[in-house]
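Step one of this worksheet: look at the structure below.
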Amino acid sequence: MKKKLETLIQKSVEALINQEVIPSASYTFSIERTRDPQHGDYATNAAMLLAKPAKMNPRQLAEKLVAALPQDSAITKVDIAGPGFINFYMDSSSQFDIVKRIHELGPEFGRSQVGAGKKVQVEFVSANPTGPLHVGHGRGAAYGSAVADLLEATGFDVHREYYVNDAGRQMDILATSIWLRYLEECGEAVRFPDNGYRGEYVGDIARDLFRQVRDDYRRPIDLVLENIPADEIQGGDKEAHIDALIAKAKALLGVAAYRDVFNAGLNNILEDIRNDLREFGVDYQCWFSEQQLMDDGSVEQALARLQASGHLYQKDGATWFASSNLGDEKDRVVRRENGQYTYFASDIAYHMNKLDRGFEQIIDIWGADHHGYIPRVKAAIQALGADASKLKVLLVQFATLYRGEEKVQMSTRSGEFVTLRQLRDEVGKDAARFFYVMRRSEQHMDFDLQLATSKTNENPVFYVQYAHARVCSVFRQLVEKGLTRDIPSGMAHLQLLSEEHELGLMSTLERYPEVLERAALTHEPHQLILYLRELANDFHTYYNAHQFLVEDDNLRNARLNLIAAVRQVLANGLKLLNINTPEAM
RNA sequence: GCCCCGAUAGCUCAGUAGGAUAGAGCGGUCCCCUCCUAAGGGACAGGUCGGCGGUUCGAAUCCGCCUUGGGGCACCA
């Protein structure tokens with residue numbers, strides 16, 4: 001319809017060019033669905049945009065444009081309004097088709113092929129396996145899976161991935177923390193390091209370990225603390241302190257035993273994260289191990305490639321990547337003076353791997369605090385010979401947690417944080433997902449636990465779910481009242497749906513595919529939420545204004561078909577967001 | 001200091017390629033169940049769109065400067 005109008009207006013413009021009213025050139029103008037029904041169904045700003053080249057006032061030009069407009073049966077009326085808008089009123093007989101289309105397509109309604117099978121990878125959450133997921137990760141999980149699901153619904157070939165940072169110092173700190181808790185369990189008088197992981201789960205893992213190996217990994221605490229520099233609270237450096245403890249753990253335990261403690265932590269926590277996400281409705285095609293990149297030589301290969309293309313150099317005993325030539329603000333170390341690769345080195349290898357797997361678009365979803373990291377990764381992609389625009393980094397701002405008025409401080413290390421699992425237990429999966437995705441991802445978000453956990457809270461997810469349940473309820477009432485429903489008859493009498501509420505509802509239904517496509521392409525799932533709230537609102541208003549189960553068979557059947565279409569679209573949207581569609585509440 | 005993201009109703013936020021009178025939810029005041037779940041609906045009140053310039057027929061939206069909140073600037077991950 002929009003396209004049709006566009007060609008009609010284009011013809012009109014060409015006519016005026018031929019009459020030399022407007023200088024010859026190609027002009028772009030917009031055609032929009034109007035917000036206010038008083039402005040017809042569609043409007044164009046063509047007259048206002050062409051007023052200047054035509055050296056005429058917009059309203060006069062609009063009149064000429066309208067006069068030159070070819071006749072078309074779909075247009076019932078054309079108006080000139082405001083500063084020079086041309087408003088189009090369309091023939092209403094076609095608007096009923098939407099009810100039929102939704103009925104025919106069912107769950108498929110709204111899905112499309114705009115993605116044309118393009119291979120897209122979406123990497124999200126990728127939290128370090130050093131502790132359970134907290135509510136900050138939850139936002140990334142909800143947002144990332146919504147983006148992936150939207151892309152899939154619009155025809156992209158989507159691959160969801162979690163990058164597991166199972167190598168590196170943080171994991172050693174975890175392993176050492178577990179070992180120290182284990183020593184406590186054995187009866188040693190341990191002083192826990194300031195920089196260790198203090199969460200309860202560390203103790204849990206340690207106790208499990210103790211049950212399995214008893215005293216096998218026990219070493220006298222005096223021996224452990226021998227030659228360890230002072231901790232922060234003792235006036236020393238907490239980093240040096242913990243590093244020395246890690247080294248000592250490795251030395252006293254030996255490779256195999258240390259590995260055992262390390263894996264106890266990794267496997268335990270990873271399993272927990274996996275279950276957590278699965279229960280949250282988030283599934284991955286791949287859990288990608290950083291350690292594997294180290295083990296299979298990918299990191300070396302990646303660096304060799306950068307070396308070969310002249311992007312690496314040595315300085316101060318370290319190996320540097322000359323990223324500042326490629327848009328980064330400074331060069332970055334990839335291999336430390338001590339011979340160890342940096343986290344960035346494995347990330348280069350990881351992105352090389354992504355490129356090699358043939359993804360046409362790579363989407364990384366990160367916490368907003370990592371934004372400074374973007375230029376160097378883009379630089380790496382360029383240095384590897386690919387187009388930096390293949391990588392799209394989407395940032396998710398923190399969800400600031402409140403308990404009533406009080407802000408909840410969160411730190412994984414200190415162990416004072418609210419986990420995603422706790423959140424789910426308190427507010428449920430549906431409310432959690434809905435809340436997280438309701439806001440634009442780059443917007444800071446206040447998540448008041450007390451409000452979200454309150455039973456009496458007016459949770460917006462209920463509002464949408466309730467609309468769905470209400471439709472179901474009407475169909476139950478239909479049976480109870482001994483009335484019948486005839487779908488074909490309803491379709492044949494859709495023109496009886498002439499109430500303002502009904503026409504508005506149909507036009508809202510018609511927008512769903514556009515909303516879905518737009519939400520997917522802009523990576524903005526909140527647009528879908530907004531739409532669902534609007535649709536629910538339209539329905540509730542209609543519900544209050546009119547009776548559906550009326551005596552008149554034809555009208556009743558038509559109305560039932562309309563509300564069935566509403567239910568279908570609500571269900572399609574909610575399912576896409578992995579939110580339940582209750583039949584009764 | 002440099003970089004990123006914000007600043008819109010009392011609060012939390014939308015605002016679709018610059019468009020017509022800036023919207024919603026919550027909170028406030030008032031109204032609507034002899035009727036398909038009132039977990040609903042309707043009405044009213046509430047705004048210098050952080051500020052000042054600029055671009056133009058037209059700016060919350062684009063550009064510049066400023067104020068202000070958060071975040072980031074490692075041989076940590």
Side-chain angles (χ1 to χ4, degrees), chain A residues 28 30 32-36 38-39 43 45 47-49 51-52 57-59 81-85 87 127-128 130 165 167-171 173 239 290 315-320 329-330 332-347 367-375 395 397-398 400 438-440 442-448 451 456-460 462-463 465-467 469-478 480-481 483 511 514-515 518-519 522 524 526-527 529-530 533-534 536-537 539-550 559-560 563 584-585:
Chain A
T28 54
S30 76
E32 295 183 334
R33 215 185 271 275
T34 55
R35 294 178 207 185
D36 187 336
Q38 286 184 359
H39 300 138
N45 59 1
M48 294 180 286
L49 290 172
K52 194 166 194 179
N57 93 44
R59 290 191 67 114
F85 285 102
N87 295 333
N128 284 352
T130 52
N165 297 124
R169 181 164 169 270
Q170 294 305 318
M171 289 304 294
I173 294 176
E239 305 294 347
E290 179 188 4
K315 194 180 92 182
D316 304 331
T319 305
W320 296 70
E329 57 185 29
K330 54 184 277 198
R332 308 290 173 179
V333 171
V334 288
R335 188 177 194 161
R336 289 174 218 147
E337 208 174 346
N338 65 11
Q340 294 235 300
Y341 294 116
T342 60
Y343 171 80
F344 181 45
S346 32
D347 227 10
D369 53 331
H370 286 73
H371 86 267
Y373 203 76
I374 298 171
L395 299 176
Q397 289 286 351
F398 292 124
T400 313
M438 195 164 55
R439 307 268 178 251
R440 272 168 53 220
E442 63 265 38
Q443 186 89 27
H444 289 118
M445 175 181 160
D446 291 342
F447 205 131
D448 185 342
L451 196 75
T456 57
N457 172 42
E458 307 252 0
N459 197 326
F462 290 156
Y463 183 81
Q465 288 180 318
Y466 181 42
R470 251 185 165 174
V471 177
C472 296
S473 170
V474 171
F475 284 110
R476 283 193 298 272
Q477 282 292 320
L478 174 76
E480 280 175 31
K481 289 192 172 180
L483 294 166
R511 271 173 45 218
E514 296 167 27
V515 169
R518 194 185 150 69
T522 58
E524 290 184 344
H526 76 275
Q527 306 253 13
I529 298 260
L530 286 169
R533 291 176 76 173
E534 197 181 327
N537 180 38
F539 171 74
H540 286 308
T541 306
Y542 179 39
Y543 180 97
N544 272 53
H546 298 283
Q547 193 78 8
F548 308 144
L549 300 176
V550 291
R559 285 188 170 166
L560 289 176
I563 65 168
M585 291 175 75

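In what follows, chains carry the letters A, B, and so on, assigned in the order in which the sequence lines appear, proteins first and then strands, with residues in each chain numbered from 1. Only a predicted model underlies this, so the values are computations on that prediction, with no experimental measurement involved.
Counting to the nearest Å, the C1' atom of B:U37 and the CZ atom of A:Phe548 are 13 Å from each other. For A:Arg470 and B:C33, the CZ to C1' distance is 11 Å, given to the nearest whole Å. Between A:Gln170 atom CD and B:A77 atom C1' the separation is 5 Å, expressed in whole Å. A:Met445 has its CE atom 18 Å from the P atom of B:G71, to the nearest Å. Separating the CD atom of A:Glu480 from the P atom of B:C36 is a distance of 11 Å, rounded to the nearest angstrom. We find that CZ of A:Phe344 is positioned 13 Å from C1' of B:A74, with the value rounded to whole Å.
Heavy atoms of A:Glu329 sit under 4.0 angstrom from primed sugar atoms or phosphate atoms, though from no base atom. Using a 4.0 Å heavy-atom cutoff across all strands shown, A:His540 reaches sugar-phosphate atoms only and no base atom. Residue A:Ala318 is in base contact, counting any heavy-atom pair closer than 4.0 Å across all strands shown. Heavy atoms of A:Asn128 sit under 4.0 angstrom from primed sugar atoms or phosphate atoms, though from no base atom. Among the protein residues, A:Gln547 comes within range of the nucleic acid bases, having at least one heavy atom under 4.0 Å from a base atom. A:His370 comes within 4.0 angstrom of a nucleotide base, judged by non-hydrogen atoms across all strands. Counting any heavy atom pair closer than 4.0 Å across all strands shown, A:Ala584 reaches a base atom. Using a 4.0 Å heavy-atom distance criterion, A:Ala467 is classed as making no nucleic acid contact. Within the 4.0 angstrom heavy-atom criterion, no nucleotide atom of any strand lies near A:Ala536. A:Leu549 comes within contact range of at least one nucleobase, with a heavy-atom separation under 4.0 Å. As judged by a 4.0 angstrom heavy-atom cut-off over every strand, A:Thr541 is placed among residues touching the sugar-phosphate backbone only. Residue A:Leu49 is classed as a base contact, given a heavy-atom separation below 4.0 Å to a base.
Residues satisfying the salt bridge (Lys or Arg N to Asp or Glu O under 4.0 Å) criterion with A:Arg470, sequence neighbours excluded, are absent altogether. Scored by the salt bridge (Lys or Arg N to Asp or Glu O under 4.0 Å) test, A:Glu337 finds no partners at all (sequence neighbours excluded). Residues passing the ring-ring contact (aromatic ring centres under 6.0 Å, His included) test with A:His540 are A:Tyr463, A:Tyr466, sequence neighbours excluded. For A:His370, the side-chain hydrogen bond (donor to acceptor under 3.5 Å, both in side chains) criterion is met by no residue, not counting sequence neighbours. The salt bridge (Lys or Arg N to Asp or Glu O under 4.0 Å) check on A:Glu329 picks up nothing, with sequence neighbours excluded.
Nearest-nucleotide positions on RNA chain B place A:His526 closer to the 5' end than the other of A:Ala167 and A:His526. Position along RNA chain B of the nearest nucleotide to A:Tyr341 versus A:Asp369 favours A:Asp369 as the more 5'-ward residue.
Checking B:A7 for Watson-Crick or G-U wobble geometry (two distances, each under 3.5 Å) identifies B:U67 as its partner. Within the shown strands, nothing qualifies as a pairing partner of B:U55 under the Watson-Crick or G-U definition with both distances less than 3.5 Å.
Rounded to whole Å, the P atom of B:C52 lies 16 Å from the corresponding atom of B:U8.
Residue A:Asn537 has no polar side-chain atom (N or O) positioned under 4.0 Å from OP1 or OP2 of B:G25. At B:C26, none of the side-chain N or O atoms of A:Tyr463 fall inside 4.0 Å of OP1 or OP2 (strictly under the cut-off). In this model, the phosphate group of B:C75 is not approached by any side-chain N or O of A:Thr319 to a distance below 4.0 Å at OP1 or OP2. Applying the 4.0 Å criterion to OP1 and OP2 of B:C36, one finds that A:Tyr542 has every side-chain N and O outside that range. An OP1 or OP2 oxygen of B:C36 is reached within less than 4.0 angstrom by no side-chain nitrogen or oxygen of A:Arg559.
Base orientation at B:C44 is anti, since its O4'-C1' glycosidic dihedral falls outside 90° of 0.
Taking only distance into account, the side chain of A:Asn45 never meets the base of B:A20 through a donor-acceptor pair shorter than 3.5 Å. Put simply, the side chain of A:Asn544 and the base of B:G40 share a donor and an acceptor less than 3.5 Å apart.
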For nucleotides 6-9 of chain B, print each protein N/O atom paired with a nucleotide N/O atom at under 3.5 Å, atom names and distance only.
| residue | atom | partner | partner atom | Å |
| --- | --- | --- | --- | --- |
| B:G6 | OP1 | A:Arg440 | NH2 | 3.1 |

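Across B:U37, B:A17, B:G19, the shortest atom-to-atom separation from the side chain of A:Arg518 is found for B:A17.
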Under the side chain to side chain contact (heavy atoms under 4.5 Å, CB included) criterion, do A:Glu534 and A:Arg511 qualify, and how do the steps go?
CA-CA 11 Å; A:Glu534 197 181 327; A:Arg511 271 173 45 218; 3.0 Å; yes
Passes side chain to side chain donor-acceptor pair (under 3.5 Å), A:Glu290 versus A:Ser346? Steps please.
CA-CA 7 Å; A:Glu290 179 188 4; A:Ser346 32; 2.7 Å; yes
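When the options A:His444, A:Met445, A:Arg440, A:Arg439 are evaluated for a side chain to side chain contact (heavy atoms under 4.5 Å, CB included) with A:Gln397, the one that passes is A:His444.
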